[in-house]
Amino acid sequence: MKCSVITGPVYDRHDCPGHPESARRLNVIAAHLPAGIPVLDPVAATPGDLCRVHKAGYLAWLRSLSPFPVTSNTRDPPSVQWFIDADTYITLWSYEVATYAAGAACRAADRARDGESCFALVRPPGHHALPAWAMGFCLINNVAVAAARALDAVDKIAIIDWDLHHGNGTQAIFEKSDRVVYCSVHAEGLFPYSGAAVETGTGPGAGYTVNAPLLPGSTIGDVAHVFMDLFFPVLERVHPDLIIVSAGQDMLTDDPLSVMGLVPEDYGTLTGLLVDATGLSPAFVLEGGYGPNHPLAINAILDAVEGKRNRDPLPEPSAATRARVRMYRRLHGITNDRAR
């Protein structure tokens, strides 16, 4: 399967040195990308595409706080204008930088629809951003913008969110839709304190939100069990035309925010399982991931897209995870004998 990456120096304009979500994290990833992989320039999302998921007044407010274009010739450092909340900062350039993050997600989805898996290595991340509010390091919901735009060309989309934290913004945007299935595996009890299994969507979208909170300390055996025994049966039922992965690699053991037990190779395992189960070329969009081994996890994902597989047996899930997945399957009406 062909694979490419979208990234660029435009993302340096949104920076707060010492913050977990700083320019340095993406620069380190870019410096360790595999030799020869095509690297494409990002483009900004259009106002029309942004307004598919965000309120126009919210976007205007963000722009008023962050009015500088990224093409500005000023050499002033991207000093923080203010913190929107305790975690989420904005600089004079952040709004336009965020439009380039959303635009790269759209471009990655376009390439995935054409059969080429593509990883949008962007920042700021997006899956906590709500239609009219920023939070959790996120300003614009990149994956949601890409998915909403792609619905002009396809019937059904699956968003797989394997970030440590639940993507409350993405869920809120699509929870009433029967064209986007949102599947999230995340640590229980962490910010943003949402993503309970009983949150399954509303109205026409009932059953299209699939949350799988796991206990702290969970490993690849537990996450893979969620994929194989919960997410994949749901995808078989929905038959998505496109898969977009909210790719946050902060379940790594060395991540400063992590309470989970994954290692870099495990993200290659998850990618391989997803590609092999669906036969689709996923689009990946960077979310979290702040530890020293994050670049290795990114490369494991890219290697898996290009066909590399770990042939070692998967660890067994814990008894607690098995019990949880049985309950989650019942919530979603999955009654076949696939559960282990």
Side-chain angles (χ1 to χ4, degrees), residues 5-33 39-45 50 54 62-63 65-66 68-70 77-81 83-85 87-109 118-129 134-146 161-165 167 169-170 191 244-250 252 255-257 267 283-295 297-299 301-302:
V5 163
I6 302 173
T7 196
V10 64
Y11 302 115
D12 290 348
R13 291 283 194 159
H14 175 76
D15 192 23
C16 179
H19 191 283
E21 209 299 288
S22 67
R24 182 180 182 277
R25 65 185 285 257
L26 187 51
N27 292 334
V28 171
I29 292 170
H32 291 86
L33 287 173
V39 179
L40 311 173
D41 292 330
V43 295
L50 297 176
H54 290 291
L62 268 185
R63 182 150 213 158
L65 300 178
S66 179
F68 280 25
V70 294
S79 57
V80 174
Q81 187 184 34
F83 273 74
I84 293 174
D85 58 27
D87 303 310
T88 310
Y89 67 87
I90 191 167
T91 75
L92 294 172
W93 292 270
S94 294
Y95 174 78
E96 193 159 314
V97 173
T99 69
Y100 275 82
C106 292
R107 190 176 186 190
C118 185
F119 204 139
L121 293 172
V122 302
R123 44 180 306 280
H127 72 156
H128 296 308
M135 62 183 293
F137 310 166
C138 303
L139 304 179
I140 290 172
N141 197 309
N142 308 316
V143 161
V145 171
D161 191 334
W162 65 43
D163 193 276
L164 174 72
H165 306 94
T170 310
F191 176 90
I244 306 175
V245 179
S246 263
Q249 288 63 242
D250 41 1
L252 289 170
D255 193 284
L257 304 185
Y267 287 94
F284 300 86
V285 182
L286 187 65
E287 301 285 1
Y290 312 98
N293 279 334
H294 192 197
I298 298 292
N299 288 355
I301 293 167
L302 298 173

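The distance from atom CG of L164 to atom CD of E287, rounded to the nearest 0.5 Å, is 12.5 Å. Residue L92 holds its CG atom at 10.0 Å from CZ of R13, rounded to the nearest 0.5 Å. Residue Y100 holds its OH atom at 12.5 Å from CD1 of I140, rounded to the nearest 0.5 Å. Atoms CG and CG, from L139 and L65 in turn, are 9.5 Å apart once rounded to the nearest 0.5 Å. In this structure, CZ on F119 lies 5.5 Å from CG on L286, to the nearest 0.5 angstrom. Distance NE2/H128 to CG/D163: 6.0 Å, rounded to 0.5 Å.
For the pair H127 and C138, the tightest heavy-atom approach, listed with the atom from each and the gap, is N-SG, 3.7 Å. Heavy atoms only, all atoms of each residue included: A102 and N142 are closest at N-OD1, 3.2 Å. Across A108 and I6, no two heavy atoms sit closer than the pair N-CD1, 3.6 Å. Residues H54 and V145 share a closest heavy-atom pair of CD2-CG2, 4.4 Å.
Using a 3.5 Å distance cut-off with no hydrogens or angles, the side chains of D15 and T91 do not pair a donor with an acceptor. Under the 3.5 Å distance criterion, with hydrogens and angles disregarded, a donor-acceptor pair is assigned to the side chains of H14 and S94.
Side-chain atoms of T88 come within 3.5 Å of backbone atoms of G136 as a donor-acceptor pair (strictly under, hydrogens ignored). Put simply, the side chain of Y89 gets close to the backbone of E21: a donor and an acceptor are under 3.5 Å apart.
Between H19 and F83, the ring planes are tilted. Angles from 30° to 60° get that label.
Shown here are the side chain to side chain donor-acceptor pair (under 3.5 Å) partners of D255, two or more places apart in sequence or in another chain: there are none.
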